[in-house]
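In each ligand, atom 1 is the first atom listed, and ligand 1 is the first ligand listed. Predicted model, so just to flag it, every value in this text is computed and none were measured.
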Amino acid sequence: MKTQQQILRNTSVQGEILPEMDEPQFRQWVDLIEERTGKVFPPTRKSFLITNLVMRMKEIGCASYQEYYEQIKCGINGLREWTILVDRIIVNETRFFRCPSSLDLVKETVESKCPGEDGSINIQAWSVACSTGEEVYTLAIVIDQALASRSEESHFGVTATDICQAALVYGREAFYKEKGINDLDNAHMQQYFEEVEDGRYRVCDRLRQKVCFARMNIEEIGHEPVGNMDIIYCQNLLIYFDRERREEIAGNLVEHLQTGGLLILGSGELTGWKHPLMEKVSCNHTLAYKRCKE
Ligand SMILES: C[S@@+](CC[C@H](N)C(=O)[O-])C[C@H]1O[C@@H](n2cnc3c(N)ncnc32)[C@H](O)[C@@H]1O
């Protein structure tokens with residue numbers, strides 16, 4: 001069993017050993033998270049917090065934990081920065097249309113998919129860490145809309161997996177509070193949601209029928225029967241793992257992608273990754289690869 005110190009010493013971002021965070025500093029972050037989100041951040045997740053802080057500090061050129069902390073506490077810019085950080089450190093955090101640049105790539109992939117031998121278009125997508133379903137239904141909406149612009153007969157399905165059973169139950173039921181869906185425009189609301197009681201909305205039957213939720217631990221992906229995907233969407237999951245494991249998981253995902261299929265990762269989650277079957281797709285704010293070989 002590793003001690004906390006050993007875990008910390010072994011924690012790295014892009015091969016670099018991370019600076020130590022002392023207990024008072026850690027406490028300061030835990031208090032801030034609890035105060036602002038109501039969630040208790042357990043000491044066992046200290047290395048996870050440090051990895052994410054350092055990743056973000058590097059992105060914005062911040063030199064120390066304390067400097068970053070002061071920045072987050074300061075004014076409107078601090079609040080803006082806080083919303084970016086909180087998305088990365090709160091485990092089930094998700095929302096509809098979370099990453100527009102990645103969704104544009106999904107749309108392009110659907111719009112350019114060649115028809116099969118029978119002349120129809122078939123799209124299969126996989127949300128690898130689907131949490132409570134917002135990402136899954138977003139993908140289903142984007143695919144449905146992109147297919148509607150095509151003249152061929154079309155079909156699609158979205159496979160949604162996560163390790164967290166409670167999140168899967170929530171996603172399957174597909175009831176969302178108004179606050180959670182107020183980023184959607186009116187046209188999407190009317191087409192894909194039905195108002196139910198207590199200010200809640202439910203995803204319409206037609207979209208729910210396109211989605212299949214199943215429990216899967218990504219670390220056991222090798223044993224799972226997942227089909228040949230056109231789109232694998234794996235965002236805000238790799239952050240839980242060290243670099244070596246991230247590469248292994250991404251490599252395993254490639255095995256479930258058809259030639260021409262798209263692998264979308266979270267921006268900054270696997271910088272500099274190379275794989276012999278994959279070509280990097282150039283896109284701002286998104287880390288994506290296309291499978292170029294059998
Ligand atoms: C921050 S949420 C991201 C949700 C969604 N992908 C998004 O970007 O909005 C991370 C999700 O990863 C799931 N997760 C964590 N470890 C996992 C594992 N080993 N296998 C599968 N899912 C996992 C969590 O249960 C959680 O729902």
For [X] and ligand 1, does the shortest N/O to N/O distance drop below 3.5 Å?
X: E219; result: no
X: A129; result: yes
X: I163; result: yes
X: N236; result: yes

For atom 20 (N) of ligand 1, the option (of I218, I239, V128) bearing the nearest heavy atom: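 Answer by nearest heavy atom: I218.
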
If we set the cut-off at 4.0 Å for heavy atoms, which region of R98 has an atom near ligand 1: side chain, backbone, both, or neither?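 The part of R98 near ligand 1 is the side chain, not the backbone.
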
Going by an N to O cut-off under 4.0 Å, is there a salt bridge joining E111 and K107?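 Salt bridge flag = yes for K107 with E111.
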
One thing to verify: whether E70 and K73 come together as a salt bridge, which I'm taking to mean a side-chain N less than 4.0 angstrom from a carboxylate O.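 Not counted as a salt bridge, because no side-chain N and carboxylate O are separated by less than 4.0 Å.
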
Using a 4.0 Å cutoff against the non-hydrogen atoms of [X], which atoms of ligand 1 qualify?
X: L237; result: 12 (O), 14 (N), 15 (C), 16 (N), 17 (C), 22 (N), 23 (C)
X: N217; result: 18 (C), 19 (N), 20 (N)
X: S131; result: 4 (C), 27 (O)
X: E135; result: 5 (C), 6 (N), 7 (C), 8 (O), 9 (O)

Pair Q66, Q28: side-chain N/O donor-acceptor within cut-off below 3.5 Å: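 Looking only at side-chain atoms, Q28 and Q66 do form a donor-acceptor pair, the distance falling under 3.5 Å.
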
Taking atom types as modelled, find out whether S102 and T286 have a side-chain donor-acceptor pair closer than 3.5 angstrom.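 Side-chain D/A pair, S102 to T286: present.
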
Do the ring planes of Y69 and W29 sit parallel (below 30°), tilted (30 to 60°) or perpendicular (above 60°)?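 Taking W29 first and then Y69, their aromatic rings stand perpendicular (interplane angle over 60°).
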
Which heavy atom of R150 sits nearest to which heavy atom of V110, and what is that distance?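 Looks like NH1-O, 3.0 Å.
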
When you look at D144 and K210, which way does the salt bridge (Lys or Arg N to Asp or Glu O under 4.0 Å) test go after all the steps? CA-CA 10 Å; D144 191 55; K210 302 285 187 192; over 6 Å; no

4.0 Å heavy-atom contact, M216 with ligand 1: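 Distance cut 4.0 Å: M216 passes for ligand 1.
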
From CD1 (I33) to CZ (R45), nearest 0.5 Å: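 Nearest 0.5 Å value for the CD1-CZ distance: 10.0 Å.
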
